[in-house]
Every structure is written in C-alpha cells, then in structure tokens.
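What follows is a single structure, written as structure tokens, with notes after it.
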Amino acid sequence: MKEREIEELLLSGGASLVGFSDIGESPIKNQPDLRYAVTIVYKLSNAVLKTIESRPTIAYFQHYRAVNARLDSLALDVVRYIENQGYDAFPIAASQSTNDDKSAYRGIFAHKTGACLSGVGYIGKNALLYTKEFGSKVRLATVLTNMPLERQRDIIVGGCGSCEICKKACPAGAISGLNFTVGMQREDFFDAEKCSSHMKTYKDVGRGAVCGICIKVCPKNNLN
Ligand code: SF4
Ligand code: SF4
C-alpha cells in the first residue's frame with residue numbers, strides 16, 4: 001500500500017507524524033490533478049522551546065531553520081518516491097512567506113489545510129496546528145501529487161475552549177480569542193500581519209522571522 005510505504009520512508013527519515021489527504025482542489029496553476037497531499041510533521045525540541053521567555057532566542061531560530069531544512073529534505077524523498085511510481089509530485093517548502101500572486105503572509109499552499117484534512121491535528125486560537133501527540137511543538141511540510149492517496153487517520157475535532165493564555169501573552173495582539181471552526185478564514189480569528197510585524201522587531205534574532213511565545217505559553221505543550 002503506497003500510503004504505508006510513504007509513511008515508512010518518512011518515519012525512517014525522522015518525521016514525527018505523516019498524514020494523507022484529498023484536498024479537493026489543486027492550488028497549482030494548470031496542474032489541477034495535484035489534489036492529494038502528503039503532510040509531513042517534524043517535532044521541535046522541548047529544550048530549545050524552553051529557552052523562549054518574553055522573546056525568541058537565537059537557539060530557537062537556529063533550530064527552526066534546521067527543522068525546516070530537514071522537512072524540505074524529507075519532502076524531496078517523497079517527491080522521488082512518487083515520481084518513481086509514475087506520478088507527479090510538487091513539494092511545498094516548510095517555510096513560505098508569499099506566493100506567485102505576492103499575497104502577503106500566504107504561501108502557495110497552507111500546510112495546515114492538508115494537516116487537518118489528514119487527521120494529524122486541528123487549528124488552535126493562535127492559528128497553529130495542534131497534534132494529539134506533540135501539541136503545537138511541530139513544523140510542517142507538504143507534498144502535493146496526482147497519485148491518489150487516502151486519509152489514514154480519523155479527523156480530529158479539537159479546540160481551545162475558553163482558554164485565552166496565548167491571547168494574553170501575544171505581544172502583538174494578533175490572537176482574537178475566537179475558536180477556529182471549519183469554513184473560517186485565518187483572518188477571521190488571527191491577524192497574520194500583526195504577528196509578522198511583531199516578529200520583525202526581533203531583528204537581533206534571526207532577521208526577525210520567529211517569535212514562538214504562543215508555543216511556549218500554551219498549557220497543552222507542557223513547556224513551563
Ligand atoms: S508568534 Fe508571537 S506575535 Fe505571533 S501570534 Fe504567536 S505570540 Fe503573537
Ligand atoms: S494557549 Fe490556550 S488558547 Fe492558546 S492555543 Fe493553547 S490552548 Fe489554545
């Protein structure tokens with residue numbers, strides 16, 4: 001079974017979780033058949049995340065970059081596997097800040113869309129993916145393909161309930177406090193522009209590309 005082979009390939013390469021989904025519509029121009037997604041999840045280090053207090057740290061930035069690089073490498077392994085099976089495969093980078101339309105704060109494809117449809121997690125109030133296994137201490141990459149793939153996990157229905165810890169801790173005021181529900185756009189509950197602008201104030205930490213405070217404070221992550 002191709003899903004099992006891809007999962008074994010990724011887990012043996014260090015991935016923490018793997019998901020498969022039919023995203024319904026390809027985000028890639030002129031390639032409408034790329035409607036299946038492989039979601040690759042890589043867990044971040046607890047010890048590194050614990051270094052974040054009221055601001056991010058160099059250790060977090062370096063780890064963030066290393067995990068992104070590993071995810072991109074794992075995605076290439078999947079591309080090679082799928083192409084060897086005679087199908088097309090399109091890797092979506094772990095870190096995306098724009099797309100060909102130059103839409104700000106939006107990549108080519110939202111990893112979290114595939115992740116939720118695959119059953120590996122749900123969206124929290126801070127717009128991060130939450131997994132049962134690792135909370136939001138994860139980074140993601142995706143491979144889109146025209147090789148038919150079936151979801152292997154049950155969809156997770158989760159939420160933050162009445163918790164507002166990250167809303168109160170966010171120095172940017174980016175978290176509205178609304179629970180994400182299916183059909184919501186990100187801007188309905190989270191202000192990506194405020195989040196990104198705030199990250200840029202940490203110019204001394206990795207050119208202002210990370211923050212991580214809302215990961216550190218979330219009680220579901222057991223980092224305090
Ligand atoms: S990463 Fe930082 S600025 Fe962005 S939502 Fe989380 S706490 Fe707020
Ligand atoms: S801190 Fe609370 S509201 Fe924020 S993501 Fe975690 S559980 Fe949800």
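Every number for a ligand or one of its atoms is a count from 1 in the order of the listing.
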**Asked** Quick check: are there more than 12 heavy atoms from other residues, nucleotides or ligands sitting under 6.0 Å from CD of E150?
**Response** no

**Message:** Let me confirm one number: the CG-OH distance from L9 to Y81, rounded to the nearest 0.5 Å.
**Reply:** 8.5 Å

**Request:** Give a yes/no answer: is there an N/O/S atom of C211 under 2.8 Å from atom 6 (Fe) of ligand 1?
**Result:** no

**Item:** Identity and separation of the nearest protein heavy atom to atom 6 (Fe) of ligand 1
**Value:** C214 SG, 2.4 Å

**Request:** Would you mind listing which atoms of ligand 1 come within a distance below 4.0 Å of any non-hydrogen atom of F190?
**Result:** 5 (S)

**Message:** Does F20 form a side-chain contact (heavy atoms from CB on, under 4.5 Å) with V38? I'd like the steps, not just the answer.
**Reply:** CA-CA 5 Å; F20 302 94; V38 180; 4.1 Å; yes

**Subset of ligand 2 atoms that lie under 4.0 Å from at least one heavy atom of Y130** = 5 (S), 6 (Fe)

**Prompt:** What is the distance from atom CG of D33 to atom CG of N146, rounded to the nearest 0.5 Å?
**Reply:** 4.5 Å

**Message:** Is it the case that atom CG in D154 sees more than 12 heavy atoms from other parts of the structure closer than 6.0 Å?
**Reply:** no

**Atom pair CZ (R55) and OH (Y60), whose distance is rounded to the nearest 0.5 Å** = 14.0 Å

**Complete:** side chain to side chain donor-acceptor pair (under 3.5 Å) with K137: of N46, N222, N221, only one passes, and it is N46

**Complete:** A student checking ligand 2 against C166 at a 4.0 Å heavy-atom cut-off should list atoms 1 (S), 3 (S), 4 (Fe), 5 (S)

**Prompt:** Does the side chain of S176 come under 3.5 Å of the side chain of D191 through a donor N or O and an acceptor N or O?
**Reply:** no

**Request:** Just jot down the ligand 2 atoms closer than 4.0 angstrom to any heavy atom of P219, in number order.
**Result:** 1 (S)

**Prompt:** Looking only at protein heavy atoms, which one is nearest to atom 8 (Fe) of ligand 2, and how far off is it?
**Reply:** C160 SG, 2.3 Å

**Message:** Would V217 count as a contact residue for ligand 2, given that I'm defining contact as a non-hydrogen atom of the residue lying under 4.0 Å from a ligand atom?
**Reply:** no

**Complete:** Here the atoms of ligand 1 under 4.0 Å from any heavy atom belonging to I213 are 7 (S)

**Item:** R153 and V120, any side-chain heavy atoms less than 4.5 Å apart
**Value:** yes

**Complete:** Per-atom filter on ligand 2: closer than 4.0 angstrom to a heavy atom of N126 are 5 (S)

**Closest approach of any protein heavy atom to atom 4 (Fe) of ligand 1, naming residue and atom** = C195 SG, 2.4 Å

**Asked** Does C170 put an N, O or S atom under 2.8 Å from atom 4 (Fe) of ligand 1?
**Response** no

**Asked** Which ligand 2 atoms, with their elements, are less than 4.0 angstrom from a heavy-atom of C163?
**Response** 1 (S), 2 (Fe), 3 (S), 7 (S)

